[in-house]
Amino acid sequence: MRVFSTTDVHQVFFNYRGEELRYSFVSHLIDAFERHGLDFFVDKYEQRGKDLKDLFARIEESKIALAIFSTRYAESSWCMDELVKMKKLSDQRKLQIIPIFYKVSARDVRKQTGEFGENFWTLAKASSGDQIKKWKEALECVSDKMGLSLKDKRYFPLTLILTRIHTSIHTRLKLKTGTEHIPLQHYSEAHFVKEIAKEVKRVMAAIKLQEEEENNLEDKGESLRIVRIAFSMHDCFSIIINC
């Protein structure tokens, strides 16, 4: 079973470790995306024994991909192969990747160290040298992008959206309801989910603006080409009359 958007094009693709996050963090993220009216694709159950062509097609349809790194992410060759595909499309400027570091450090992802690294190298033992090389390149490239990070009980948003950079640090957050306080870790993760949805909306708006500007330039270029052809035809006609 998969969750599809209601449109032909899935604007956002979720790349994540299902066994670890499907019924917790990702389910909360899906709820937030639905509330914000964001189109997305989620592969809810990894289809064992089936090739990745269908998922690759969903990635190609998307404007944005969320690479949701967690400690168990690198256990899955599916996650890693999707990431390689995402990197390839990003290198071709066909996809915007937003890395999400869920209780794992960007450094551990980039260097394949810590618990994340242990899981990666366990997977690598049963993989080919070419696969490992592509996986490492994808991890290093994507984790080096600015994204959003939830580390332990603290929320550190690090955002890069085309030309806009916003950096903020929230180290102590409490939400008071009546006489009770919602625990920091509960508020932190809920706030983190909201921030991801907002970041995606900002990136989507920036992509749309960029596409409109490119279309305007193409239209102007086509108009200029038509004018040049018209002048060229006029010059040729003038020469024929003069003759």
Side-chain angles (χ1 to χ4, degrees), residues 1-5 9-27 29-30 33 38-104 106 108-112 115-117 119-149 196 199-200 203-204 207:
M1 179 181 178
R2 291 180 176 87
V3 174
F4 292 92
S5 80
V9 177
H10 309 293
Q11 300 290 317
V12 186
F13 181 89
F14 284 24
N15 164 247
Y16 69 103
R17 180 66 173 121
E19 290 184 10
E20 183 180 13
L21 302 179
R22 181 179 297 122
Y23 299 113
S24 54
F25 177 69
V26 168
S27 66
L29 201 55
I30 288 172
F33 272 47
L38 292 167
D39 296 317
F40 60 91
F41 175 90
V42 178
D43 181 47
K44 295 193 71 176
Y45 300 99
E46 295 174 29
Q47 304 296 309
R48 301 296 181 186
K50 187 177 180 181
D51 63 40
L52 286 165
K53 289 181 180 179
D54 183 55
L55 292 178
F56 284 175
R58 304 289 82 76
I59 295 172
E60 289 172 357
E61 290 173 353
S62 304
K63 299 285 187 182
I64 298 170
L66 298 183
I68 306 174
F69 296 115
S70 57
T71 53
R72 294 182 57 192
Y73 178 95
E75 289 178 347
S76 170
S77 61
W78 285 70
C79 287
M80 299 305 305
D81 289 339
E82 287 175 2
L83 191 69
V84 171
K85 177 67 172 180
M86 287 155 53
K87 176 187 177 295
K88 180 179 180 180
L89 292 172
S90 177
D91 290 344
Q92 296 171 351
R93 302 176 65 85
K94 295 179 180 178
L95 183 71
Q96 183 82 10
I97 304 175
I98 303 176
I100 307 297
F101 302 97
Y102 182 76
K103 299 184 180 181
V104 66
D108 281 348
V109 175
R110 190 179 305 115
K111 302 292 186 182
Q112 297 89 57
E115 187 177 353
F116 182 94
N119 289 326
F120 175 82
W121 291 113
T122 298
L123 177 66
K125 290 177 183 178
S127 308
S128 68
D130 184 55
Q131 274 183 314
I132 297 168
K133 181 176 181 292
K134 290 179 179 178
W135 290 345
K136 282 174 61 66
E137 288 175 351
L139 287 171
E140 290 165 6
C141 174
V142 175
S143 64
D144 202 40
K145 299 177 183 290
M146 299 292 282
L148 290 161
S149 175
I196 292 172
E199 296 300 306
V200 168
V203 174
M204 192 63 67
I207 291 172

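Computed from heavy atoms alone, side chains included, the values below leave out hydrogens, waters and symmetry copies.
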How about [X] and [Y]: do any of their side-chain heavy atoms sit closer than 4.5 Å?
{"X": "K88", "Y": "V84", "value": "no"}
{"X": "L55", "Y": "W78", "value": "yes"}
{"X": "I59", "Y": "F41", "value": "no"}
{"X": "V12", "Y": "M204", "value": "yes"}

Residue pair K87, L83: steps toward the side-chain contact (heavy atoms from CB on, under 4.5 Å) verdict: CA-CA 6 Å; K87 176 187 177 295; L83 191 69; 5.8 Å; no
Per the side-chain contact (heavy atoms from CB on, under 4.5 Å) rule, which among L29, V42, D43 passes with Y16? V42
Verdict with reasoning, L123 to W135, per side-chain contact (heavy atoms from CB on, under 4.5 Å): CA-CA 11 Å; L123 177 66; W135 290 345; 3.6 Å; yes
Are more than 12 heavy atoms, taken from residues, nucleotides or ligands other than K134, located less than 6.0 Å from that residue's NZ atom? no
Would you say the side-chain atoms of S76 pair up with the backbone N or O of C79, donor to acceptor, closer than 3.5 Å? yes
Looking only at atom types and distance, does a side-chain atom of D108 sit under 3.5 Å from a main-chain N or O of G117, one as donor and one as acceptor? no
Just verifying a value: how many Å separate [X] [atom1] and [Y] [atom2], rounded to the nearest 0.5 Å?
{"X": "E115", "Y": "K103", "atom1": "CD", "atom2": "NZ", "answer": "12.5 Å"}
{"X": "D144", "Y": "L139", "atom1": "CG", "atom2": "CG", "answer": "12.0 Å"}
{"X": "L38", "Y": "I30", "atom1": "CG", "atom2": "CD1", "answer": "12.5 Å"}
{"X": "M80", "Y": "R17", "atom1": "CE", "atom2": "CZ", "answer": "12.0 Å"}
{"X": "E20", "Y": "I68", "atom1": "CD", "atom2": "CD1", "answer": "11.0 Å"}
{"X": "S27", "Y": "R22", "atom1": "OG", "atom2": "CZ", "answer": "11.0 Å"}

[X] versus [Y], closest heavy-atom pair with distance:
{"X": "Q131", "Y": "S127", "answer": "OE1-CB, 3.4 Å"}
{"X": "F120", "Y": "K136", "answer": "CZ-CG, 3.7 Å"}
{"X": "F25", "Y": "I196", "answer": "CZ-CD1, 3.7 Å"}
{"X": "S90", "Y": "K145", "answer": "OG-NZ, 3.6 Å"}
{"X": "S143", "Y": "V109", "answer": "CB-CG1, 3.7 Å"}
{"X": "I97", "Y": "M86", "answer": "CD1-O, 3.5 Å"}

Under the side chain to side chain donor-acceptor pair (under 3.5 Å) rule, collect the residues that match up with K133, sequence neighbours excluded. E137
Given the rule in the side chain to side chain donor-acceptor pair (under 3.5 Å) test, do N15 and Y73 qualify, once you have shown the distances and angles that lead to the verdict? CA-CA 9 Å; N15 164 247; Y73 178 95; 2.5 Å; yes
Presence of salt bridge, E82 and K85, under 4.0 angstrom: no
Using salt bridge (charged side-chain N to carboxylate O under 4.0 Å, His left out) as the criterion, list what pairs up with K111, not counting sequence neighbours. none
With under 30° as parallel and over 60° as perpendicular, where do the rings of F69 and F116 fit, or are they tilted in between? perpendicular
